[in-house]
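In what follows, chains are A, B, ... by sequence order, proteins preceding strands, each numbered from 1.
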Amino acid sequence: MLKFLPYMVAAWLLLVGLYGIVTSRNLVHAITCLSVAQSSTYILLLSVGFERGGTAPVFLDVPVGTRAVDPVVGALTLTDVVVGATVSALLLALAVQAQKHQGTLDPERFGKERD
Amino acid sequence: MTPAVRRRVFLVAAAAAGALLLWGLTGLPDYGVYNGPYGDVLNRVAVAERSATNVVAAVTFDYRGVDTMGEEYILFAAVLGVAILLRAQRDEHEEPPDEDAADRDAPATSNAVRIVGLTLVGPVVLFGLYLVAHGHLTPGGGFQGGVVLATAALLVYLSGEYVTLRRVSPELVTDVAESVGAASYVAIGLLGVAAGTAFLANVLPLGQPGQLLSAGTILPINAAVGLEVAGGFVLLLSEFLEQTLVIRRPGEVT
Amino acid sequence: MIVLEVTVFLLVAAAGTAVVLTRDPLNQAIVASFYGLILGIMFFVYQAPDVALSQIAVGAVALPLMILLALAKVRALEGSRREDEDR
Amino acid sequence: MPRRLADTAAVATAAVVTVCCLALLASCLDGTAVYWFGGWVPRHGIALGVAFAVDPVGATMATLAGVLATAALTFSWRIFEAVRTLHHALMLVFLAGIVGFCLSGDLFNMFVFYELFSVAAYALTGYQTTDPGPVRGALNFAITNSVGAILVLAGIALLYGRAGALNLAQLGQSLASRPADRLVIVAFLLLMVGFFVKAAVVPFHFWLADAYALAPTVVGVLFAGVVSELGLYAVARVYWTVFSGPFEGVQGLRGILLVGAVTTALVGGVMCVLQHHLARMLAYATVSHVGLTLAGFALLGPAGTGGAVLYLVADGLVKGALFISVGIIEHHLRDTDERRLAGRGRHLPWVAGLLVLGALGLAGVPPFGTFLGKALLEEAALAAGQPWLIGLFVAVAALTSAALLRATGRVFLGLGPGGGPAAARRGPDESAVRHPHAHPTQVAPAVALLALAVAIGLWPGLTAAAEEAAARFTDRPAYAAAVLGGAAEVPAAHPPVLLAAPAGWAVLSALLGLALAWAALRPDRLPAGPRDRLARAAAPAVAALRRIHRVQIGDSVTWLVVGMAGFGTLLALVTR
């Protein structure tokens with residue numbers, strides 16, 4: 001079961017996050033749900049680079065050649081975390097603006113298009 | 001679509017998409033098995049080649065340094081975006097808060113909180129600088145350190161010293177810090193071109209692995225990133241703060 | 001070790017679900033901060049301390065804080081709008 | 001920074017970037033130019049660092065973005081914006097992201113640049129705070145596209161788990177030895193869906209119209225000209241470098257992609273005709289043309305790819321010019337709804353001329369470059385045994401040019417049912433006209449873009465060059481050899497394309513478009529019986545189509561998941 005558990009957790013978080021966006025009645029809530037969906041990629045990336053029994057890829061106290069986990073996924077996830085946070089910040093600013101113009105954060109109550 | 005219809009359609013589609021996802025994910029190697037080769041090669045060669053004992057830092061700032069440069073510009077763009085969105089509103093609808101107004105509207109803080117907050121600022125700044133400076137040796141680096149430094153600025157705010165914060169980091173200073181941080185990343189990259197090798201290639205002496213002054217350009221790049229991230233996050237937070245403070249005028253709900 | 005891993009995985013899944021199901025954004029920000037913290041712990045288990053540090057700094061502190069600030073702004077806007085309508 | 005200085009610096013920077021991209025294009029004509037950042041050249045076929053791998057197709061896309069950005073910034077010269085320096089900085093970051101995306105030869109690096117230009121685009125779309133228009137459009141755009149980016153990243157993670165590599169060439173080599181299994185299929189699905197969102201392929205297109213309607217003209221020019229095209233470029237690039245090996249011999253893939261292409265082309269075309277808001281009209285014209293271009297890629301061969309690339313470059317230039325024209329109308333008449341604008345554009349004859357020329361460009365009439373692109377596409381369709389695609393191309397060209405011609409007739413000549421009274425009712429609004437004449441810095445960029453589109457059409461030997469570039473673009477082993485360890489590429493000779501039949505189709509498209517526009521403007525001249533019967537028959541379908549397109553964020557994401565489930569199921573079925 002453990003063979004695929006983290007992958008399943010990642011898939012679950014992706015879908016749950018999307019479910020939250022789809023059913024959201026508040027933009028700030030939807031944005032937080034998006035960050036949950038985004039976190040699924042952190043888990044996925046780190047899981048595919050994980051090596052059982054490996055140390056962190058820091059060779060200060062352990063010699064080079066010690067079995068260590070993949071440093072590349074660490075670097076990728078680091079980038080991903082920053083990207084996720086900055087996108088969320090930008091979205092929050094957009095939500096504040098939506099509140100200003102529409103007077104509500106509920107997407108269902110936004111004015112509909114003419115066309 | 002009405003909410004009920006949408007929810008139903010989504011659940012059906014998500015069940016199918018989820019099944020597909022799981023089907024594909026079971027094609028991955030078992031959890032805990034890593035077949036390489038990328039990470040294994042780097043774990044073997046990075047310490048010798050880059051004198052950085054933290055291989056993640058070597059990957060982030062050198063082997064895949066251009067990714068990180070792009071990432072810094074994503075942060076830069078997002079901060080610009082938040083500023084453009086929130087400042088435009090402010091310019092149109094509100095007077096920028098003068099210091100008196102900020103003073104008046106800042107939430108009242110008890111002295112205990114204020115003292116605890118301000119005492120924490122020093123250690124937090126130290127910790128942030130430590131993280132930035134040791135990124136090539138131990139976990140941490142410009143990004144983590146930068147966020148911690150930004151938190152220090154936030155502590156000042158939480159202690160009710162909003163006026164002090166504005167005096168310490170007025171918009172211009174953080175703007176400049178962020179831009180200089182982003183620009184110096186590119187400048188350090190161009191040093192490699194000037195030295196006749198390649199963009200983002202190392203031009204500094206590598207030193208001994210494990211020493212503070214080692215790993216060549218990773219350390220200055222970490223400093224640049226730290227500067228940019230700290231500036232960027234302070235800007236992000238203060239743009240949102242401005243928003244709340246400007247609106248909270250006397251006579252309104254507080 | 002395996003028990004710890006499984007516990008953390010299940011905790012992450014549960015916390016992520018809780019974030020989505022917490023419909024009030026104010027409470028959600030607090031749950032999200034908790035979720036960010038658990039993710040950070042999970043990354044330590046993954047032997048990725050670099051990521052764990054930044055996840056805790058961002059996911060557990062900076063992002064929830066920004067959400068709270070944005071919400072404060074929204075509340076203030078709601079308040080001023082209601083006043084306008086009363087007038 | 002003083003305003004004039006900021007303007008000049010921004011335009012100059014964009015122009016310099018364009019020239020650099022052009023130089024890159026010239027330098028990579030003889031062989032793929034590879035640049036390893038940090039000097040980390042691959043060892044034993046393993047890429048340690050990140051490479052830019054520049055081939056003519058990528059360099060052309062980057063140049064197109066540069067040209068459009070220069071034109072857009074020149075256009076914005078005289079339009080006041082409060083947050084000017086920030087805005088210009090964001091525009092340049094936007095351009096930088098696009099250029100990096102086009103040149104990169106590394107999958108994760110492509111993702112980083114993809115996010116970079118997306119983030120800049122979200123901010124630029126939403127900031128026009130004076131406009132009380134629906135800000136939710138910007139949020140819908142940002143959230144849907146972020147979900148797309150998440151899927152792309154998930155696809156990257158899957159591939160990395162299998163191959164332990166991120167370099168496109170290395171990934172391609174690693175996957176080529178085996179036919180596609182479940183992991184490769186799902187990774188392909190995730191990457192394609194992610195890029196389809198950006199390309200606005202139906203049903204991933206629901207964010208597009210709002211984003212276009214909302215974007216300031218300066219940004220809209222890049223949206224209309226290059227952003228959707230970048231999604232398609234990524235689809236083609238990733239398919240040919242990474243997945244063409246494992247999917248070789250999967251017959252059904254072409255069919256699935258063609259279904260998507262046809263749906264996209266037709267939905268976009270019909271929705272385009274149904275719009276009255278000019279920016280929305282251009283948005284659905286883009287959707288429709290994305291379908292057309294996707295059909296070229298879907299033929300999964302060099303001929304279709306060459307035609308698609310040539311077409312999308314010329315089409316991007318034309319649409320950029322059209323978006324500038326709409327921007328001029330908006331700037332002068334403070335409106336972009338053709339019904340409210342009826343007859344109010346008489347004093348802007350230049351703009352009318354631009355719109356008519358643009359409509360002809362969309363129809364693919366010679367000498368526009370779109371004509372050559374479509375000629376190649378038609379040849380590829382015939383060679384691939386799909387002659388019916390020509391009918392689709394004609395329909396798309398007729399529908400989109402008809403919508404534009406109708407709007408032009410109504411706005412500038414006051415034609416159309418209800419035009420007269422509406423214009424009269426709107427009479428007092430003439431005071432809203434702020435500037436009586438379009439300024440040269442506004443008209444010139446649009447003229448220049450159209451002139452470039454024509455120059456492409458007249459350039460001798462361009463079809464052969466496009467075919468050669470496409471042959472290199474679709475040659476996975478040669479790409480891998482160029483990136484990971486160089487073997488020389490042998491350019492093949494291409495027979496000249498026959499242009500007589502395509503010219504006939506182009507004229508037919510334009511005439512059909514004109515006839516449709518005339519029918520829309522003068523319904524009273526049509527025989528009453530058939531006209532009313534047709535209107536009654538079409539009404540339910542039209543209403544349904546409109547209802548589907550009235551979306552909020554949740555709908556957009558729901559459709560995304562629906563599309564992903566459908567596309568994935570089909571993929572799984574045809575590869576088994």
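No donor-acceptor pair closer than 3.5 Å links the side chain of His29(A) to the backbone N or O of Ile21(A). Counting only distance, with no hydrogens or angles, the side chain of Arg23(C) and the backbone of Asn26(A) share no donor-acceptor pair below 3.5 Å. A donor-acceptor pair under 3.5 Å is absent between the side-chain atoms of Gln47(C) and the main chain of Thr55(A), judged by distance alone.
Neither the backbone nor the side chain of Ile31(A) comes within less than 4.5 Å of any heavy atom in chain C. For Ala13(C), the parts lying under 4.5 angstrom from a heavy atom of chain A are both the backbone and the side chain. If you measure heavy-atom distances from Leu13(A) to chain C, the contacts under 4.5 Å come from the side chain alone. With a 4.5 Å cut-off on non-hydrogen atoms, Val31(C) does not touch chain A at all. The parts of Ile67(C) that come within reach of chain A are both its backbone and its side chain, each placing non-hydrogen atoms under 4.5 angstrom from that chain. Heavy atoms closer than 4.5 Å to chain C are found nowhere in Ser40(A), neither backbone nor side chain. Neither the backbone nor the side chain of Phe44(C) comes within less than 4.5 Å of any heavy atom in chain A. If you measure heavy-atom distances from Val28(A) to chain C, the contacts under 4.5 Å come from both the backbone and the side chain.
Between chain A and the residues Thr17(C), Leu21(C), Val58(C), Val8(C), the largest count of heavy-atom pairs under 4.5 Å involves Thr17(C). Ranking Ser35(A), Ala56(A), Gly49(A), Gly20(A) against chain C, the residue ahead of the rest is Ala56(A), based on heavy-atom pairs under 4.5 Å.
Counting heavy atoms from C-beta on, the side chains of Tyr46(C) and Val69(A) never come closer than 4.5 Å. In this structure the side chain of Leu63(C) never reaches within 4.5 angstrom of the side chain of Thr32(A), judged on heavy atoms. Counting heavy atoms from C-beta on, the side chains of Val12(C) and Tyr35(C) come closer than 4.5 Å.
Taking CG of Leu68(C) as the start and CE of Met66(C) as the end, the distance is 11.0 Å to the nearest 0.5 Å.
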